[in-house]
Structure formats: C-alpha cells, structure tokens
**Q** 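Pasting a structure here, questions to come.
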Amino acid sequence: MYHHVKKLMYTVRVDAPDPRFGNMLLEQFGGANGELAAAMQYSVQGLNCDDAARKDLLMDIGTEELSHLEVVGTLARLHLAHMKNNREAAEADPLIAIAGGGGVNLYNSMGSPWTADYLKITGELDVDLRSNIAAEARAKIVYERLIDFCDDAGTKDALQFLMTREITHMKAFAAALESMEKPPFSIGRIAPSAGVVNQFYNDSTGTGDMGEIDTRGPWNEGGEWEFVQSPAAPFANGAGGNGHGREQQASAEPVLESSIPAEPDQIHESLVEHLRDLLHAEKQLIKALPKMSKAAHAEQLRDAFDLHLAETEVQAQRLTEILELLGESAARPKPCRGMMGLIEEGEEVIAENKKREPYAADLNLIAAAHKVEHYEIAGYTTARNLANQLRLPEVSRLLQMSLAEEQNTDLLLDQIQRPLTSVLGRPAAIM
C-alpha cells in the first residue's frame, strides 16, 4: 500500500528558470537511468524476491526512488513552466511547450518515451543486486553532469542531494550482495567449463596507427589466467583445429567431443537405481502426508499437504510409467533410506509439537516438510540429468513435471511460513 505525503523529500528552489536545462533534467525523469526506471526496477525485483530481508531492502529503496521522481519532476517543472506563455522559451523544446504546455511527461531529454526495456530484472537476486549497483553508479554520473551544466544554486543543491542518495543506495545494495556470501563469480547453478573459464583470448593484436600495443595486466596474467595468443590465427592461416592457438601449451586440457558417455549402460543402470529410490520415497511419503496434514494447525498448511498428497500419488504413477518405458520392472523398488530418516524425523516433530504453541508447531512442521522437498528436488534433478545424458526426451519430460511440482510445493511452504514467522516476532500483549 502506498501513501503520498504532500511534502517533498527534499524541498527544491529554482531562482533562475532555464527551459533548456529543464529539458536536460527530463533524462532523470523518464530516461534509461532515471528515477522512474530505478523505482520500477527495484520494486518489481522486490515483488519477485523470495528472500524476506532483501525484499524489504528492494521495496524500501524502490519507494524512495518514487520520492526522487517527484523531486526531479518538480524541479524540471519549475524550469519548464516558463515555456507555456513565452515564445522564446518555448523554442528550447517545442514538443514540451506545445504538446505538454511546459510540463513534464515520461520522456527523456530527446523526447523518446519511457519504456520497460530500461529495466534489468532476472529473478536471480545476486545478479539483480549487481545490476542495481551499476544502475546507481550510472545515475550518479548523470547527476554529476547535470550539476556541471547548471548555474542555478537551488537546483544544484537538490541535484547534490539526489546524487548523494545514489551512493547511499550503492552501499546498501553492495552490503546486501556481500551478506549473501556467494563467491563473486558464482552466477546461477551450472558450473562453467573448466579450463576455458580461465583463458584470456588476445583477440586484438599488433601495433595500431596511434601507437597502441598489446598489454598485460591482472586481467590477463597471473593467478589462474591462461593467455591464449591470437586464437583465430590458425583459421586465418587455413589451418583447422579447435581455434585455440595457444602459446606453446603442451598440457592443454582435453576437449570433450560428446556429451554421451563412453559406457551408456552404466548411466542407464544409475538412472534406474535413482528411479527405484524415488519410487520408494514417494510411496513412503503417501503414507506420511496424511499424518502431517492432521498435525497442522493452519488451514492453509493442511490444504498444502492435502494438495501435495494428490501430486505425490501422480508422481508415483509417473515413476512407474518411466520404468516401464525403460523396460524395467517397478515391482522392485529400492529402499530409500534417506526418506525413511526424514519421515522418522517428521514423526518426532509431530510428537514434540504437542507441547508447542500452534504457530511454533506449524513452523517446525514446515521445516520438516522443506527438508523432504529439498531431498526430492535433488533426486528428481539427478534423474532428469541422467535421462538427458542418455537422450531420453520423454523420460526427461516426465521427470521435469515432477521436479516442477516439488519446486512449487517448496515455494508454497515458504509463502505459508512467512506470516507464521511474523506472528512469532510480535511482542506479547500486556495484560
């Protein structure tokens, strides 16, 4: 819920209106690095964020950017309003004067309309935080240049304030990123190809007309770097090869010619073993979920367990179908020790919950359910990857369906958990 307060975050003052400068200010109103783009980028990232603490950060700063939009808009309006009745001033920007009556609109300084294409939103929190740090840095530079082009003292004071807040936001985003404790180049889930990831290609070679030369520095030498000289040279000279043109590297890492293993029978055997393990796990869970549903206090949590019970029954049938597609019997499930342990732990939680308050009991029950979901997500991910290696698209498709259901259940549990945590965090009522 938004609430507008009729007071600017920073009170602006314009002593000498300048329509041309007002036009420049529109870059921070409706431009690619402007306040609306920042407000929308952070707010939408916040809506997508499953991390409650960093979601709060994104929504806080996204809302502040809306306040900055009002400051910039007011500032620009004070500079542009003179256009409405002054022919000479109107000539600074006829579009604003004639179509907009000397007012602001969601256009940049060149008259191009604002677009959602300005927003950088990936749904990966660490990637989005890096985008936000870069966005604040770009906005800081824009404010610097606006200050350089401005002669009005009141305007410069407001721009100085806005520029300073960009640094504040950079610091907050950087601290949030650092608090995630992720290695700086650990992006996404899939690991980069070993060897190739540390190769620096010297693709710009020779001496230029202005005296430019090849240079070396910490970006291409030392540590794990492998300097690859002119990788395209063998092709330019008519030679074949893999185009890596290395500098006398006798110990180059081998290149995998195919994603299919040399002994697919072993992969097939491993896949069947994982499928039988999953089938036994699902059959155990079918028996355990009604107990978890009965033990839940929150209606939403009971409904989630009941829904997942129906999904689990379908998943067991799906695994049986997959085993039949592979020519294997589903009558010989492999005992799943991991699920046995998780269900035993869940039963202990249910017993101990009888001594707890309903909110605390449900939180512990959700924690036990999360462990089950993560175990199954790992199992289905492994089985799907093995099916992909064997190039079994139908098997992979069926496993992906079950994997998506497990991931959705995990997210649903997280959504149910948040308000319960909030209730626990409230101070006790004073009688």
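All values reported here derive from a predicted model rather than from experimental measurement. Note: hydrogens, waters and symmetry copies are ignored here, and every other heavy atom, side chains too, is used.
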**Q** Can you list the steps and then say if V197 with F185 is a side chain to side chain contact (heavy atoms under 4.5 Å, CB included)?
**A** CA-CA 11 Å; V197 70; F185 304 112; over 6 Å; no
**Q** Report the distance from atom CD of Q41 to atom CG of L36, rounding to the nearest 0.5 Å.
**A**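 So the gap between those two atoms works out to 11.0 Å.
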**Q** How close do A368 and G346 get, heavy atom to heavy atom, and via which atoms?
**A**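 Heavy-atom minimum between the residues: CB-CA, 4.3 Å.
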**Q** Looking at every non-hydrogen atom in both residues, tell me the closest pair between S329 and L323 and how far apart they are.
**A**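 Shortest heavy-atom separation between S329 and L323 comes out as O-CD1, 4.3 Å.
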**Q** If we only count heavy atoms from C-beta on, is the L275 to L326 side-chain gap below 4.5 Å?
**A**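 In short, these two side chains touch, coming nearer than 4.5 Å.
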**Q** Closer than 4.0 angstrom, basic N to acidic O: yes or no for R397 and E394?
**A**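 Salt bridge present between R397 and E394.
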**Q** Indicate yes or no for a side-chain donor-acceptor contact from R384 to the backbone of M401 under 3.5 Å, with no hydrogens or angles considered.
**A**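 The answer is no, because no donor-acceptor pair under 3.5 Å joins these two groups.
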**Q** Is the closest basic N to carboxylate O distance between E27 and R145 below 4.0 Å?
**A**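 Judged by the 4.0 Å cut-off on N to carboxylate O distance, E27 and R145 do not form a salt bridge.
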**Q** Between V395 and A387, what is the shortest heavy-atom contact and its length?
**A**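 In this case the closest contact between V395 and A387 is CG1-CB, 3.7 Å.
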**Q** Looking at M163 and I147, what are the two nearest heavy atoms and their distance?
**A**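 Looks like SD-CD1, 4.2 Å.
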**Q** Do E406 and H374 have side-chain atoms, one donor and one acceptor, less than 3.5 Å apart?
**A**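 Per modelled atom types, E406 and H374 side chains form no pair under 3.5 Å.
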**Q** Looking at side-chain heavy atoms only, is the closest gap between L69 and V104 below 4.5 Å?
**A**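 Sidechains of V104 and L69: no contact.
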**Q** Could you check whether any side-chain heavy atom of L325 comes within less than 4.5 Å of a side-chain heavy atom of L398, counting everything from C-beta outward?
**A**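 Answer yes - side chains close enough.
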**Q** To the nearest 0.5 Å, what is the distance between CG on L278 and CG on L319?
**A**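 That separation rounds to 5.5 Å.
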**Q** State, to 0.1 Å, how close G22 and A76 come at their nearest heavy-atom pair, and which atoms those are.
**A**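 Nearest pair, atom of G22 first, then A76: O-CB, 4.1 Å.
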**Q** From F21 CZ over to L159 CG, what is the distance, rounded to the nearest 0.5 angstrom?
**A**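 One gets 5.0 Å once the value is rounded to the nearest 0.5 Å.
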**Q** How are the rings of W225 and F200 set relative to one another: parallel (under 30°), tilted (30 to 60°) or perpendicular (over 60°)?
**A**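 Ring orientation of W225 relative to F200: perpendicular.
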**Q** Test your reading of the model: is there a side-chain donor-acceptor pair from N408 to the backbone of A404, 3.5 Å cut-off?
**A**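 Judged by distance alone, yes, a pair lies under 3.5 Å.
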**Q** Are the side chains of N105 and W114 in contact, using a 4.5 Å heavy-atom criterion?
**A**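 A side-chain contact under 4.5 Å is absent here.
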**Q** With a cut-off of 6.0 Å (strictly less than), are more than 12 heavy atoms of other residues, nucleotides or ligands near CZ of F149?
**A**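 No, the 6.0 Å shell around CZ holds no more than 12 heavy atoms from other groups.
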**Q** Under the 3.5 angstrom rule, does the side chain of S43 hit a backbone N or O of A39 as a donor-acceptor pair?
**A**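 Yes; at least one donor-acceptor contact below 3.5 Å.
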**Q** Please indicate whether E178 has more than 12 foreign heavy atoms, meaning atoms of other residues, nucleotides or ligands, lying under 6.0 Å from its CD.
**A**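 Open.
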**Q** Assess, by modelled atom type and distance only, whether the side chains of Y42 and E136 contain a donor and an acceptor separated by less than 3.5 Å.
**A**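 Y42 vs E136: donor-acceptor pair found between side chains.
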**Q** Are side-chain N/O atoms of Q45 and N132 paired as donor and acceptor at under 3.5 Å?
**A**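 Indeed, the side chains of Q45 and N132 share at least one donor-acceptor pair under 3.5 Å.
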**Q** Under the side chain to side chain contact (heavy atoms under 4.5 Å, CB included) rule, what do M340 and H280 come out as? Steps first, then yes or no, please.
**A** CA-CA 10 Å; M340 287 179 186; H280 189 255; 3.5 Å; yes
**Q** Using modelled atom types only, decide if a donor and an acceptor are shared between the side chain of H370 and the backbone of I366 within a distance under 3.5 Å.
**A**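 Pair absent, no side-chain N/O of H370 close to backbone of I366.
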**Q** Report the distance from atom OH of Y380 to atom CD of E405, rounding to the nearest 0.5 Å.
**A**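 Nearest 0.5 Å value for the OH-CD distance: 8.0 Å.
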**Q** With no hydrogens and no angle check, just 3.5 Å: does a side-chain donor-acceptor pair link N198 and E226?
**A**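 No, no side-chain donor-acceptor contact under 3.5 Å.
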**Q** Let me confirm one number: the CG-CD1 distance from D126 to I187, rounded to the nearest 0.5 Å.
**A**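 Answer rounded to 0.5 Å: 5.0 Å.
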**Q** Would you say NZ of K171 has more than 12 non-hydrogen atoms from neighbouring residues, nucleotides or ligands within 6.0 angstrom?
**A**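 Result for NZ/K171: open.
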**Q** Mind listing the closest non-hydrogen atom pair of N23 and S109 along with its distance?
**A**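 Reported closest heavy-atom pair: OD1-O, 2.9 Å.
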**Q** Can you tell if the side chain of V71 reaches within under 4.5 Å of the side chain of F161, non-hydrogen atoms only?
**A**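 No, every pair of side-chain atoms sits at 4.5 Å or beyond.
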**Q** Within a radius of less than 6.0 Å around CD of E221, do more than 12 heavy atoms belonging to other residues, nucleotides or ligands occur?
**A**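 Check passes, neighbour count above 12.
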**Q** Any chance you could lay out the side chain to side chain contact (heavy atoms under 4.5 Å, CB included) test for V228 and N202, step after step, and finish with the verdict?
**A** CA-CA 6 Å; V228 180; N202 188 28; over 6 Å; no
**Q** Can you tell me if H274 uses its side chain to pair, donor with acceptor, with the backbone of A383 under 3.5 Å?
**A**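 Flag not set: sc H274 to bb A383 has no pair under 3.5 Å.
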**Q** Given 3.5 Å as the limit, does a donor-acceptor pair link the side chain of N220 with the main chain of G217, or not?
**A**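 Side chain of N220 to backbone of G217: a pair is present.
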**Q** Is there a side-chain contact between K291 and K294 (heavy atoms, below 4.5 Å)?
**A**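 No. Closest side-chain heavy atoms not under 4.5 Å.
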**Q** Strictly distance-based, threshold 3.5 Å: is any side-chain N or O of N364 a donor or acceptor partner for the main-chain N or O of A360?
**A**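 Flag set: sc N364 to bb A360 pair under 3.5 Å.
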**Q** Looking at L392, is its backbone amide N or carbonyl O close enough to the side chain of S396 to form a donor-acceptor pair, meaning the two atoms are under 3.5 Å apart?
**A**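 Side chain of S396 to backbone of L392: no pair is present.
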**Q** Does NZ in K55 sit with more than 12 non-hydrogen atoms of other residues, nucleotides or ligands closer than 6.0 Å?
**A**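 Above 12, so yes.
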**Q** Got more than 12 heavy atoms from elsewhere within 6.0 Å of CD, E357?
**A**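 Result for CD/E357: open.
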**Q** Just wondering, do T164 and Y143 contact through their side chains at under 4.5 Å, heavy atoms?
**A**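 In short, these two side chains do not touch, never coming nearer than 4.5 Å.
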**Q** Counting distance only, does the side-chain N/O of S270 pair as donor-acceptor with the main-chain N or O of I267 below 3.5 Å?
**A**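 Not at all, since once roles are kept as given, no pair shorter than 3.5 Å links the two residues.
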**Q** Please tell me if the side chains of L285 and Y375 come closer than 4.5 Å, counting only heavy atoms from C-beta onward.
**A**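 SC-SC contact between L285 and Y375 ruled out.
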**Q** Mind checking the CG-CG spacing from L162 to L146? Nearest 0.5 Å is all I need.
**A**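 That separation rounds to 10.0 Å.
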**Q** For H297, is there any backbone N or O sitting under 3.5 Å from a side-chain donor or acceptor partner on D362?
**A**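 Confirmed, D362 side chain pairs with H297 backbone.
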**Q** Apply the test side chain to side chain contact (heavy atoms under 4.5 Å, CB included) to residues M9 and E70: give CA-CA distance (whole Å), side-chain angles for both, the deciding distance (0.1 Å), then the verdict.
**A** CA-CA 8 Å; M9 189 174 195; E70 186 176 13; over 6 Å; no
**Q** Taking atom types as modelled, is there a side-chain donor on H308 or T409 under 3.5 Å from an acceptor on the other?
**A**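 Yes, side-chain donor-acceptor contact under 3.5 Å.
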